[in-house]
Amino acid sequence: MNKNSLLRIGDLSKKEIMEILEDANVFGDIHKDWQLPQRKLIANLFFEPSTRTHYSFASAEHQLGAKVENFSPVGTSVEKGESLYDTVKTFEAIGFDAVVIRHKENEYFKELESLEIPILNGGDGSGNHPTQCLLDMLTIYQEFGTFEGIKVAIIGDILHSRVAASNKEAIEILGGEVVFSGPEQWRREDWPYMDIDEAVKWADVVMMLRVQNERHSEAHGMSDEEYLNSYGMNERRYKAMKENAILMHPAPVNRGVEIQSELVEAPKSRIFKQMSNGVLVRKAVIKRAFGYKEF
Ligand code: NCD
């Protein structure tokens, strides 16, 4: 595996995470000025649906002057049964310098260890989502200037969420505190849980997660209203948040389920800021993938 791949957040040290966040902030300051010194070919291989991750990677790649190819399995040899390994190995063989991959299998990248080009993980099943995690960390860092002692409540479908898993790892590495909340059937063993009404009062960062219906084996049977009342962000809980606390969600948001629709763009919400930060973080991760240290 290429050493500049990004597969799991836990593969990075605190120092490496902070370097990526600092680079992302520089990209925020210099806007589109820095470009890759050499023309690079990058393929975005999305085997699962995506809007933000896919197109913010594409935006970052284009802004950096890379040549970008977007792959979806429809209409390719994947439909003839070609394996992930053979597909990605093909992209390496035909001249691509790096690939971004999203796939429904947890840790799909384990079968790609012999490849030489950097692999940037755009999400593996319910496993990892390192670039989402980094953009979340950037959003928190911009707000509070530190992670030490920052209290993060992650609320929702914890069991099926790769965002929950990656963010737990990162917050622990960076020195913050994290608790979880949400329906009992979607808890992960041994993770710290708090009642939602306590959690929203306790937290500096309230992070709501999407109900991952596509990963459930059976319907959960709760109506949208029931979910919102029991586990969602409504007016009452929003008012109970600390004055300087922020509201986050990786999106797509099921409006009226995880968050009352009018609160998606409320003053404490950083949901669209997270998306803009996604481009900055992905630029930093691509710069790192090709081993460029300086601007
Ligand atoms: C997340 C994902 O795909 O894991 N979305 C994203 O990347 N912005 C969260 C989700 O789909 O719920």
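Ligands are counted one by one from 1 in listed order, and the atoms in each one are counted from 1 as well.
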Considering all heavy atoms, the nearest Tyr292-Gln38 contact: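 Where Tyr292 meets Gln38 most closely, the heavy atoms are OH-OE1, 3.5 Å.
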Could you check whether Arg215 pairs with Glu48 (Lys NZ or Arg NE/NH1/NH2 to Asp/Glu carboxylate O, under 4.0 Å)? yes
Side chains of Ser56 and Arg282: any donor to acceptor distance under 3.5 Å? yes
Heavy-atom proximity to atom 3 (O) of ligand 1, picking from Arg162, Arg215, Met208, points to Arg162
Option with minimal heavy-atom separation from atom 11 (O) of ligand 1, where the choices are Arg52, Gln132, Arg210: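 Shortest heavy-atom distance from atom 11 (O) of ligand 1: Arg210.
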Does Lys104 count as lying over the ring of Phe47, i.e. NZ or CZ under 6.0 Å from the six-ring centre, within 45 degrees of the axis? no
If you draw the axis of the six-membered ring of Phe180, does the NZ or CZ of Arg187 fall within 45° of it and under 6.0 Å from the ring centre?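 No, cation not above the ring by the 6.0 Å, 45° rule.
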Determine whether any heavy atom of [X] lies closer than 4.0 Å to an atom of ligand 1.
| X | answer |
| --- | --- |
| Gln212 | yes |
| Ala251 | yes |
| Glu48 | no |

So if I count the atoms of ligand 1 from 1 in the order they appear, which ones are less than 4.0 Å from some heavy atom of [X]?
| X | result |
| --- | --- |
| Arg102 | 2 (C), 3 (O), 7 (O) |
| Pro250 | 8 (N), 9 (C) |
| Thr53 | 6 (C), 7 (O) |

Using ring centroids (six-membered ring only for Trp), state whether Phe295 and Phe27 fall under 6.0 Å.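 Yes: the rings meet the under 6.0 Å criterion.
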